[in-house]
Amino acid sequence: MNEWTVVTSLSVVVGLAAAVAGPLVKLNGTISRLSTILEHVLVRLDKLEGEDEKLRTKGEEMERLLGIRIDGQDKRLNHCENRLALLERMKGAHYEND
């Protein structure tokens, strides 16, 4: 082997290493950025899930309170209807139901 063959072979090996190393370095940087972004997304997702659970609990509590209030209004309406019916009987008035 002469020295030019060795130099040519070494330059081909160095070129091949550079051709492979460049994209590998870029790929590594991209993977690192994606990992950072994914971690950020997961933290925000956990935060949103916590807020969603709080809102769901609050909504269920509001629904329960509204149900209690509606039941109270139903009882009050029935009481008023009973009073009206009693007054109508006492006065002798008869009204048709609409």
Side-chain angles (χ1 to χ4, degrees):
M1 267 195 185
N2 65 20
E3 36 189 70
W4 286 111
T5 307
V6 172
V7 170
T8 305
S9 298
L10 285 176
S11 63
V12 168
V13 169
V14 169
L16 180 62
V20 171
L24 282 177
V25 169
K26 288 181 182 178
L27 179 63
N28 190 27
T30 303
I31 290 172
S32 296
R33 279 188 292 142
L34 287 174
S35 295
T36 303
I37 291 170
L38 184 59
E39 287 174 7
H40 180 70
V41 167
L42 290 175
V43 167
R44 298 222 25 211
L45 180 63
D46 288 341
K47 182 180 176 183
L48 287 174
E49 285 176 344
E51 290 176 4
D52 182 53
E53 185 61 33
K54 287 178 187 176
L55 286 174
R56 187 170 301 170
T57 302
K58 187 175 181 179
E60 289 171 355
E61 178 65 18
M62 294 300 287
E63 185 177 340
R64 186 184 67 79
L65 291 174
L66 283 173
I68 291 169
R69 187 168 180 184
I70 288 171
D71 290 343
Q73 293 298 322
D74 285 344
K75 290 176 185 176
R76 187 173 178 194
L77 180 62
N78 286 335
H79 181 70
C80 288
E81 288 176 355
N82 290 339
R83 286 180 40 211
L84 283 173
L86 182 63
L87 286 172
E88 288 173 350
R89 272 188 264 143
M90 288 174 47
K91 299 279 182 173
H94 298 284
Y95 295 101
E96 297 283 326
N97 287 340
D98 291 330

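Given the structure is predicted, the values throughout are model-derived calculations rather than measurements. Excluded from the calculations below are hydrogen atoms, water molecules and symmetry mates; all remaining heavy atoms, backbone and side chain alike, are included.
We find the NZ-CG distance between K58 and L55 to be 7.5 Å, quoted to the nearest 0.5 Å. In this structure, D74 CG and R76 CZ are separated by 12.0 Å, a value rounded to the nearest 0.5 Å. Distance check, rounded to the nearest 0.5 Å: CD1 of I37 to CZ of R33 gives 7.0 Å. To the nearest 0.5 Å, atoms CZ (R56) and CD (E53) are separated by 6.0 Å. The distance from atom OG1 of T5 to atom CG of L10, rounded to the nearest 0.5 Å, is 11.0 Å. Here the CG-NE2 distance, from L84 to H79, works out to 10.0 Å after rounding to the nearest 0.5 Å.
The two residues P23 and A18 come nearest to each other via the heavy atoms CD-O, 4.4 Å.
For the pair L48/D52, no side-chain contact is recorded, criterion being any heavy-atom separation below 4.5 Å from C-beta on. In this structure, E63 and L66 have side chains that are not in contact, with every pair of non-hydrogen atoms separated by 4.5 Å or more. With a 4.5 Å cut-off on side-chain heavy atoms, V43 and H40 do not count as touching.
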Residues E60, R64; criterion side chain to side chain contact (heavy atoms under 4.5 Å, CB included); working and verdict: CA-CA 6 Å; E60 289 171 355; R64 186 184 67 79; over 6 Å; no
Test side chain to side chain contact (heavy atoms under 4.5 Å, CB included) applied to E39 and L42, step by step: CA-CA 5 Å; E39 287 174 7; L42 290 175; 5.7 Å; no
Residue pair D46, E49: steps toward the side chain to side chain contact (heavy atoms under 4.5 Å, CB included) verdict: CA-CA 5 Å; D46 288 341; E49 285 176 344; 3.8 Å; yes
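Cluster membership for L16 and L24, using ILVMFWY side-chain heavy atoms within less than 4.5 angstrom, is shared.
For E51 and K54, the salt-bridge test fails: no basic side-chain N is under 4.0 Å from an acidic carboxylate O.
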